[in-house]
Protein chains: 2
Amino acid sequence: MVTLEDVARHAGVSLATASRVLNGSARQVGAGLRAKVEQAAAELGYRTNVAAQTLARGAGNVIGLVVHDLVDPYFAAIADGAVRAAEAHGMVVMVGTTHRDPAKEIAYVSSLGAQRARAVILAGSRTDDPSAAGLRAELDRYRNGGGRVAVIGQDLLGTDTVAVANRSGAAALAEALTAMGHRHFAILAGPPRLITAVDRCEGFAAALPGPAPQIIHGPFDRDGGHTAAHSIGPDVTCVFAVNDVMAVGALAAFRERGIRVPEDVSLAGFDDIATLRDLVPALTTVRLPLADLGARAVELALADDDGPTVVHVEGEVVIRESVRAR
Amino acid sequence: MVTLEDVARHAGVSLATASRVLNGSARQVGAGLRAKVEQAAAELGYRTNVAAQTLARGAGNVIGLVVHDLVDPYFAAIADGAVRAAEAHGMVVMVGTTHRDPAKEIAYVSSLGAQRARAVILAGSRTDDPSAAGLRAELDRYRNGGGRVAVIGQDLLGTDTVAVANRSGAAALAEALTAMGHRHFAILAGPPRLITAVDRCEGFAAALPGPAPQIIHGPFDRDGGHTAAHSIGPDVTCVFAVNDVMAVGALAAFRERGIRVPEDVSLAGFDDIATLRDLVPALTTVRLPLADLGARAVELALADDDGPTVVHVEGEVVIRESVRAR
DNA sequence: CTGTTAGCGCCTTCAT
DNA sequence: ATGAAGGCGCTAACAG
C-alpha cells in the first residue's frame with residue numbers, strides 16, 4: 001500500500017504539501033509542486049486511506065440509513081433517493097436492514113456511532129410502544145457524539161424530520177372516494193400501534209361523512225392485506241388499504257374469492273409504488289415522492305442548521321381503475 | 001468522546017488491557033480486571049472508534065456492494081441477501097448505485113478501495129464492450145491492495161463469482177414451452193452486448209427445435225419490454241422476455257393493444273421477482289434465488305480460499321398462467 | 001506558499 | 001496475565 005508519505009518522497013515535497021494537493025480543500029499550493037505531486041500519486045497508484053483521514057479529521061464521510069426491508073419497494077425507493085443525495089455530497093451510505101426488529105435498529109445506530117457516521121437516517125415509522133425508549137437513548141448518545149439524525153415519517157423524536165402528511169393525504173383520498181358515491185368503507189388498517197398506519201387510518205375515517213368504516217388490523221405487508229381482506233363485510237363498497245403493498249394482497253384475496261375489482265368492490269392504497277404501476281386494475285392511491293423523501297432526509301441531516309428542522313411532504317390523490325363511482 | 005484511554009484510566013488498568021477486553025479476540029484477561037473494564041466502559045459510555053481501529057489493524061469491516069438500481073427489485077433482493085450475510089459476519093454494507101453508468105461503477109470501486117473495504121460485490125452483469133477495461137483495471141488495483149472481489153453474474157473477471165446458469169435456465173424454459181406446443185417465438189432480448197441478456201437469449205434460441213425466433217433488442221428494463229413488444233410479428237404464439245421486469249412492460253403493451261395473455265399470446269420472463277408475484281396473469285418464468293445470490297457472493301468474498309471460486313446457481317422453470325398450451 | 005511537528009484512537013509486539 | 005511503547009496514515013496548527 002502506497003502512502004501519502006511515499007508520494008511526498010517520490011515527488012520531492014513534504015508530507016503536508018502532498019496532503020494539501022491530494023486531499024485538502026483550500027488549494028494553496030503552487031502549480032509546479034501541485035503537478036509533481038499529482039503525477040507522483042498517479043505513478044505510484046496512491047489511494048487515500050479513508051480510515052486514517054477520518055481519524056485525523058475527527059469526522060468521516062458515511063451516512064447511515066436504517067430501513068426495515070430493502071425488498072419492500074417503499075424502502076427501496078427511499079434508499080435510492082438517499083444514496084443519490086449522499087453521493088452528491090461526496091458521502092457514501094451504509095444501509096442496515098432491521099426486518100422490523102427493534103433490537104437490530106438499536107444495534108445499527110450503535111454501529112453507525114462507532115463508525116463516526118456523519119448522520120443517520122431512520123426510515124419506517126417508529127412503533128408507539130415503550131421499546132422505542134431504547135432507540136431513543138441510543139440516538140441521544142449518537143447525537144451527543146456529534147452525529148446528526150433525520151427521521152422519515154413523523155416528528156416525534158425531536159430530530160430533523162421529513163414528515164409525511166399521512167392524515168391529510170388519507171383524508172383527501174376519503175373525500176375523493178366519497179365524492180364518487182361510496183358510503184360503506186372498510187379499512188385494512190395495519191398494526192394498531194404503527195404510527196404511520198394509525199395516522200392513515202384515522203385520517204381516512206375522520207373524513208368520512210357516512211357510517212363508521214369497518215376497521216381490520218393486521219401486518220403492514222402484502223400478506224397482511226391478503227389476510228385482512230377476508231374479513232371484509234358484505235355491504236362494503238370500497239376498501240382502503242393503508243399502503244399499496246397491502247392493497248396488492250387484498251387484490252389477490254378478492255380474486256381468489258371471485259370478487260371483482262372494481263365491479264364488485266373498489267380498492268385504494270397509499271404510496272404509489274412504481275413497481276406496482278402495471279397492476280390490473282391500476283391502483284387508486286396517494287402518491288408520495290418516495291425517492292425525494294430519502295434525498296431530503298439526507299439534505300436535512302447534512303445541513304448545519306441549529307434546531308431540528310421539520311419538512312412537510314404532502315401526498316397527491318391519484319384515481320385509477322381500481323375505484324369505480326357508485 | 002470517550003476514548004479507550006479514558007476507560008483504562010477510569011478502570012485503573014493499562015490501555016492494552018482495556019483494548020484486549022473491549023475489542024481483542026483471544027480473551028487473555030483476568031476476570032477481575034475484565035469486569036472492571038467492562039463496567040468503566042459502560043459507565044463512561046465508551047464507543048469503539050472504528051476508524052482508529054481500522055487504521056491500526058489495517059483492515060476494516062465494510063463490504064461494498066455495487067448495483068445498478070436499488071429500485072429494481074432484482075437488485076433490491078440481492079442487496080437484501082448481501083446485507084443479511086454481511087451482518088452475520090459482523091460486517092456492514094456500503095451500497096453504491098450506478099444507474100448503469102460505467103464511470104460511476106469505477107468510481108465506487110475506487111472509493112471502496114479508499115475505505116479499505118474488506119470486499120466488494122459487483123452485481124449486474126458487465127457489458128461486453130471495451131469500457132469494461134477501466135473497471136477491470138480498477139478492480140485489479142483494489143485486489144492488489146488486498147481486497148477481495150466477488151461478481152454476481154458470469155465468470156469473466158477472474159474473481160470469485162456466483163455464476164447464474166442463464167443459458168441452461170433459458171434452454172429449460174424453451175423446452176418447457178415447446179413441450180406445450182409452441183413453435184413460433186419472439187424474444188425480447190435486451191441490449192445486444194449485455195452478457196446476461198445475450199446468454200438468456202441465445203440459450204433460449206438454441207433450445208428451440210422449430211423455426212428461428214424473432215429477436216427484438218432494447219433496454220433491459222420495464223420500458224424496454226414495453227417498446228419491444230410493439231414489434232412482435234403476427235404469427236408468434238409465445239414471447240420470452242429476458243427478465244420479468246421487461247415481461248411486465250410487454251404485458252402492459254399487449255393490454256394496450258387489446259392482445260390477451262395468454263389467450264392470444266403466451267408470455268414468459270426470467271428471475272421470478274417476488275413483488276411481481278401477484279400480477280395477472282401470473283408470470284411463467286425461471287426462478288432465481290436472488291437473495292441467496294447476494295448472500296453467497298458475500299460468503300465467497302469473505303472466505304479465505306486461494307484461487308477464485310466459482311459457484312454455479314441454477315434457475316428453476318415455473319409455469320404459470322401467462323403461458324397456455326397450444 | 002511550503003515544511004515541521006504533534007497528535008487522532010487504537011492495536012500489538014515486546015518485556016515483565 | 002499485564003503494562004509500556006512504537007506505529008498505522010493522515011491532518012492541522014505552527015513556523016519559516
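Order of the sequence lines fixes the chain letters, A, B, ..., with proteins taken first and strands second; residue numbering starts at 1 for each chain. As the structure is a prediction and not an experimental result, all values here were calculated from the model.
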Can you name the residues that form a salt bridge (charged side-chain N to carboxylate O under 4.0 Å, His left out) with [X], not counting sequence neighbours?
| X | answer |
| --- | --- |
| B/Glu5 | none |
| B/Asp140 | B/Arg143 |
| B/Asp292 | B/Arg296 |
| B/Arg136 | none |

Partners meeting side-chain hydrogen bond (donor to acceptor under 3.5 Å, both in side chains) with A/Asp160 (sequence neighbours left out):
A/Arg148
With sequence neighbours left out, what residues match A/His89 under side-chain hydrogen bond (donor to acceptor under 3.5 Å, both in side chains)?
A/Glu299
Take nucleotides 10-16 of chain C nucleotide by nucleotide from the 5' end and write B, S or -, depending on whether a protein heavy atom sits under 4.0 Å from the base, only from the sugar-phosphate, or from neither.
BBB----
Give a yes or no on whether the backbone of B/Val50 and the side-chain of B/Thr54 come within a donor-acceptor separation of less than 3.5 Å.
yes
Who are the side-chain contact (heavy atoms from CB on, under 4.5 Å) partners of [X], not counting sequence neighbours?
| X | answer |
| --- | --- |
| A/Val66 | A/Thr98, A/Glu105, A/Tyr108, A/Leu112, A/Leu122 |
| B/Val164 | B/Asn166, B/Leu288, B/Leu293 |
| B/Asp6 | B/Val2, B/Thr3, B/Arg9, B/Leu44 |

Net bend of the helix from C/dC1-D/dG16 to C/dT16-D/dA1, end axes of five pairs each, nearest 10 degrees
30°
Could you list where the contact with chain B starts and ends along DNA chain D, reading 5' to 3', using a 4.0 Å heavy-atom cut-off?
D/dA1 to D/dG9
At 4.0 Å (heavy atoms only), tell me whether B/Gly58 reaches a base, stays on the sugar-phosphate, or touches nothing.
nothing
